[in-house]
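Protein chains get the first letters and strands the later ones, always in sequence-line order, with residue 1 at the start of each. Values below: every heavy atom of this structure, side chains too, minus hydrogens, waters and symmetry copies.
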Amino acid sequence: MFLTRRKHVLHSIHQSFYSNSRTLTISTTHIHLQQPLLQMTLTGFNMKFQNYNELLNECVHKKAFREGQRVHAHMIKTRYLPSVFLRTRLIVLYTKCDSLGDARHVFDEMHERNVVSWTAMISAYSQRGYASQALNLFIQMLRSGTEPNEFTFATVLTSCTSSLGFMLGRQIHSLIIKSNYEDHVFVGSSLLDMYAKDGKIHEAQTVFECLPERDVVSCTAIISGYAQLGLDEEALELFRCLQGEGMQSNYVTYTGVITALSGLAALDLGKQMHNHVLRSEIPSFVVLQNSLIDMYSKCGNLTYSRRIFDTMYERTVISWNAMLVGYSKHGEGREVLELFTLMRKEKKVKPDSVTILAVLSGCSHGGLEDRGLNIFQEMTSGKFGVEPKMEHYGCVVDLLGRSGRVEEALEFIKKMPFEPTAAIWGSLLGACRVHSNVDIGEFAGHQLLEIEPGNAGNYVILSNLYALAGRWEDVRSLRDLMLKKTVTKEPGRSWIELDQVLHTFHASDRSHPRREEIRVKVKELSVGFKEVGYVPDLSCVLHDVDEEQKEKILLGHSEKLALSFGLIATPESVPIRVIKNLRICVDCHNFAKYISKVYGREVSLRDKNRFHRIVGGKCSCGDYW
DNA sequence: GTAGGGTTAG
C-alpha cells in the first residue's frame with residue numbers, strides 16, 4: 001500500500017518536472033475522529049489499545065497534529081494509561097509534527113522506558129538539529145542502564161558533528177565494536193559519515209571497506225564524504241568504480257556526484273550527468289536541482305542554472321541562494337538585485353544569512369558599491385530579519401575598499417562589534433593594493449601576518465604593494481620574514497576540461513604529454529605580449545633569485561600553462577575556460593588579458609573567489625578581486 | 001514502535 005502510494009507521488013513529481021508545471025498537489029484525506037473516539041469510551045481495554053494504535057498510526061502517516069493531540073487528550077480524559085509502546089508512538093507523532101516540546105513532555109512523563117522510546121526521543125532531537133540535546137540524552141540513556149541497539153547507534157552518530165561530538169563519536173565507535181554492531185550497514189554508513197564530516201576520510205574509507213554489505217546509502221555517504229572535503233576527483237573515481245561493481249544510485253548519490261563536478265567545474269561531465277538524471281527514472285527533488293543550479297553556475301553557465309531555477313515546482317531558500325551566489329560570483333550585480341527583489345516579492349521563502357551575504361558580495365563583485373552599502377544599512381535596521389554576522393561586515397569592508405574608501409573601511413573595521421578576522425584584513429589589504437594606499441595597506445598587512453603567518457598568499461599581496469611603492473628593501477625583509485616563519489602554501493593548481501577529460505597543471509609542471517608544445521607556447525606568448533606592452537610583474541615572486549629567474553618562475557605558473565594549453569588545444573570559436581584552486585595572481589590575470597586582446601579569445605577564469613570573464617583585454621572583475 | 005547518505009555561504 002505504502003509502496004504504491006510512493007510510486008504514485010514520484011510519478012506525479014516526474015510528470016510535473018517535464019511539463020514545467022509548478023504546482024504539485026498531494027491530496028490528504030481529512031481524518032474523522034468523532035466516531036472512533038466516541039466508540040472507544042465504550043469498548044474494552046484491548047480494543048482501546050488497538051484503536052488508539054490505529055488512530056495514531058494514521059496521524060503519524062498524515063502528520064496530523066491536531067487530530068493526534070485530540071487522540072492524546074482523549075487518553076488523558078478517559079484516564080487511559082498508555083503503554084510504553086503507545087507513548088513512543090506519541091513521541092514519534094509529535095516529532096513528525098515539529099512539536100518537540102510535546103514529544104519531550106510525553107517522554108518525561110513515562111514511568112518506564114525501553115530502548116525504542118529512548119531512541120525515538122534521541123532521534124527527535126537529532127532530526128531537528130539539536131545535536132547536544134541528542135548526545136546528552138544518549139549519555140543519560142547509558143547511565144540508566146538501557147543498552148543501545150543498532151537504531152540508537154545509527155541515530156546518535158548523526159548528531160556527532162561538532163568537535164565535542166567527534167570526540168564522543170570515537171568513543172561511540174568503540175562501544176559499537178564492543179556491542180558487535182560494526183557490521184551493521186545502517187550503523188556503518190552513519191559512522192563513516194561522521195568520520196568524513198570530521199575530515200578523517202581514511203577512517204571513513206576503512207569503515208566503508210569493512211562493511212560486509214553495501215547499499216545505496218553507504219556508497220552515497222562515502223562518495224559525498226570525498227566531495228564535501230573537496231576531494232572531487234577521488235569522489236568521481238569512486239563513483240565510477242562503485243558503479244562498475246553494480247552499485248545502485250538514487251537522487252542523493254547524484255547530488256553528491258554533481259557536487260564533485262561543481263568543484264571541478266567539469267561542464268561536459270556535468271551535462272552528461274544531468275542528461276543521465278533526466279533520462280533515467282530518477283526524480284529531480286529540490287536538493288538535486290539545487291546542486292544542478294550550483295554546478296552549472298560553477299561551470300560558468302548561468303543560463304542553464306537559471307533554466308533549472310525557473311522550472312522548479314518548489315524552491316527552498318537554498319535554491320534562491322545558489323542562484324544568487326551564481327550571479328554574484330560572475331559579477332552580475334543587477335541580476336542579483338533583481339532576483340533578490342523577486343524573492344522578497346514572492347514571499348514564499350524568507351531570506352537567510354547566506355542570502356544577504358550573496359546580495360552584498362554580488363553588489364561588491366558587480367561594482368554596485370552604494371547599493372550594497374544601502375542594503376547593509378537596511379539589514380542593520382532589521383529589514384530582512386537577519387542579524388548581521390562577521391561575514392556581512394566583511395562584505396562592507398569589501399564594498400568600501402572597492403570604492404576606494406580605504407580610510408573609511410579601516411574606521412569601519414575599528415568600530416565592528418567583532419574581532420577582525422584574517423579575511424577582513426586581507427580584504428582591506430587587497431583594496432590598498434588596487435588603490436595604492438601603502439600606509440593603510442602596510443598596517444592591514446601586518447595585522448594579517450600576525451593572525452595568519454603561515455599563509456604565503458598574504459606575503460605576496462603585501463609584496464605587490466611594496467613593489468608598487470618601489471620599497472624594495474621592504475620586499476626583501478618581507479621575504480626573509482616569510483622564510484623565518486617557514487610558510488607552507490597550498491600548492492596552486494589550474495585545470496581545463498577537454499572532451500570530458502580534466503587536464504591539471506601544477507607550477508612548472510612537466511608531466512603533461514604535450515609539455516614541450518606548452519612550454520614553447522608560453523615562451524612565444526610572453527615574447528609576443530612584451531612587444532605590445534606586457535611587463536611581467538616580478539613582485540608576484542618572493543623567491544630570492546635574480547630577475548631572469550623570477551620571470552621564469554612566473555612563466556611556470558599553473559594558470560599560464562593551462563591557458564596556453566587551452567589556446568593550443570581548443571577551437572578558436574569557444575572561450576578558454578580555466579579553473580584555479582587559489583586566488584589568481586596579478587601577473588597571470590594580466591597575461592590572460594593579453595590572450596583575450598591579441599588572440600581575440602574570450603577567457604573565462606574561475607578562481608577561489610569568483611569568475612573572471614576576460615574579453616578584449618578587459619576583465620569583468622574590473623581588476624578588483 | 002526507534003535508524004544511516006543530500007543542496008547555498010565561509
* To do: Assess whether one donor atom and one acceptor atom, taken from the side chain of A:Asn250 and the base of B:dG5, lie less than 3.5 Å apart.
  => yes
* Asked: A:Phe153 on top of B:dA3's base, within under 5.5 Å and under 30°?
  -> no
* Structure fact -> note: A:Leu360, atom CG; B:dG10, atom P; distance rounded to Å ~ 12 Å
* Side chains of A:Gln140 and A:Met121: does their closest heavy-atom pair fall under 4.5 Å? -> no
* **Under 4.0 angstrom between A:Lys298 side-chain N/O and B:dT7 OP1 or OP2** => no
* Looking at A:Arg89, does any N or O in its side chain come under 4.0 Å of the phosphate oxygens OP1/OP2 on B:dT2? -> yes
* For A:Lys197, answer base if it contacts any base atom (sugar-phosphate contacts may also be present), sugar-phosphate if it contacts only those atoms, and nothing otherwise; contact means non-hydrogen atoms under 4.0 Å. => sugar-phosphate
* Asked: For the residue pair A:Tyr393 and A:Phe376, does the interplanar ring angle fall in the parallel (under 30°), tilted (30 to 60°) or perpendicular (over 60°) class?
  -> perpendicular
* Check: B:dG4 base within 3.5 Å donor-acceptor of A:Ser189 side chain -> yes
* For the pair made of CD1 in A:Ile282 and C1' in B:dG6, what is the distance, rounded to whole Å? -> 14 Å
* Contact class for A:Ser224 (heavy atom, under 4.0 Å): base, sugar-phosphate, or nothing? -> sugar-phosphate
* What is the nucleic acid contact for A:Val216, judged by heavy atoms within less than 4.0 Å: base, sugar-phosphate only, or nothing? -> base
* To do: Assign A:Val84 to base, sugar-phosphate, or nothing according to its heavy-atom contacts below 4.0 angstrom with the strands shown.
  => base
* Asked: Given atom CE of A:Met110 and atom P of B:dT2, what is their separation to the nearest angstrom?
  -> 13 Å
* B:dG6 base to A:Thr255 side chain: any donor-acceptor pair below 3.5 Å? -> no
* Mind calculating the distance between CZ (A:Arg315) and P (B:dT8) to the nearest angstrom? => 18 Å
* Using a cut-off of less than 4.0 Å, is there contact between a side-chain N or O of A:Gln228 and OP1 or OP2 of B:dG6? -> yes
* Structure fact -> When rounded to whole Å, the CZ to C1' distance for the pair A:Phe138 and B:dA3 reads 13 Å
* Asked: Rounded to the nearest Å, what distance is computed from the CG atom of residue A:Leu157 to the P atom of nucleotide B:dA3?
  -> 14 Å
* Asked: Got a donor-acceptor pair under 3.5 Å from the side chain of A:Asn290 to the base of B:dG6?
  -> no
* Asked: So does A:Tyr254 reach the base of B:dG6 with its side chain, donor to acceptor, closer than 3.5 Å?
  -> no
* Whether A:His72 and A:Tyr94 hold their rings parallel, tilted or perpendicular, with breakpoints at 30° and 60° -> tilted
* Over how many whole Å does the gap from A:Glu147 atom CD to B:dT2 atom P extend? -> 21 Å
* Structure fact -> Separation between CG (A:Leu357) and CE (A:Met379), nearest 0.5 Å, reads 8.0 Å
* Looking at every strand, decide which applies to A:Asp215 at a 4.0 Å heavy-atom threshold: base, sugar-phosphate, or nothing. => base
* Would one find a side-chain N or O of A:Lys96 under 4.0 angstrom from OP1 or OP2 of B:dG1? -> no
* To do: With heavy atoms under 4.0 Å as the rule, sort A:Thr220 into base, sugar-phosphate or nothing.
  => base
* Look at all strands and tell whether A:Thr253 reaches a base, only sugar-phosphate, or nothing, counting heavy atoms closer than 4.0 Å. => base
* Please check if any side-chain donor atom of A:Ser328 sits under 3.5 Å from a side-chain acceptor atom of A:Ser361, or the reverse. => yes
* **Short side-chain donor-acceptor distance under 3.5 Å, A:Arg307 and A:Tyr296** => no
* Asked: Within this structure, what is the CD1-to-C1' distance between A:Ile223 and B:dG6, rounded to whole angstrom?
  -> 12 Å
* Hey, does the side chain of A:Gln127 come within less than 4.0 Å of B:dA3's phosphate (OP1/OP2), counting only N and O? -> yes
* Does A:Ser123 make a side-chain N or O approach to OP1 or OP2 of B:dA3 shorter than 4.0 Å? -> yes
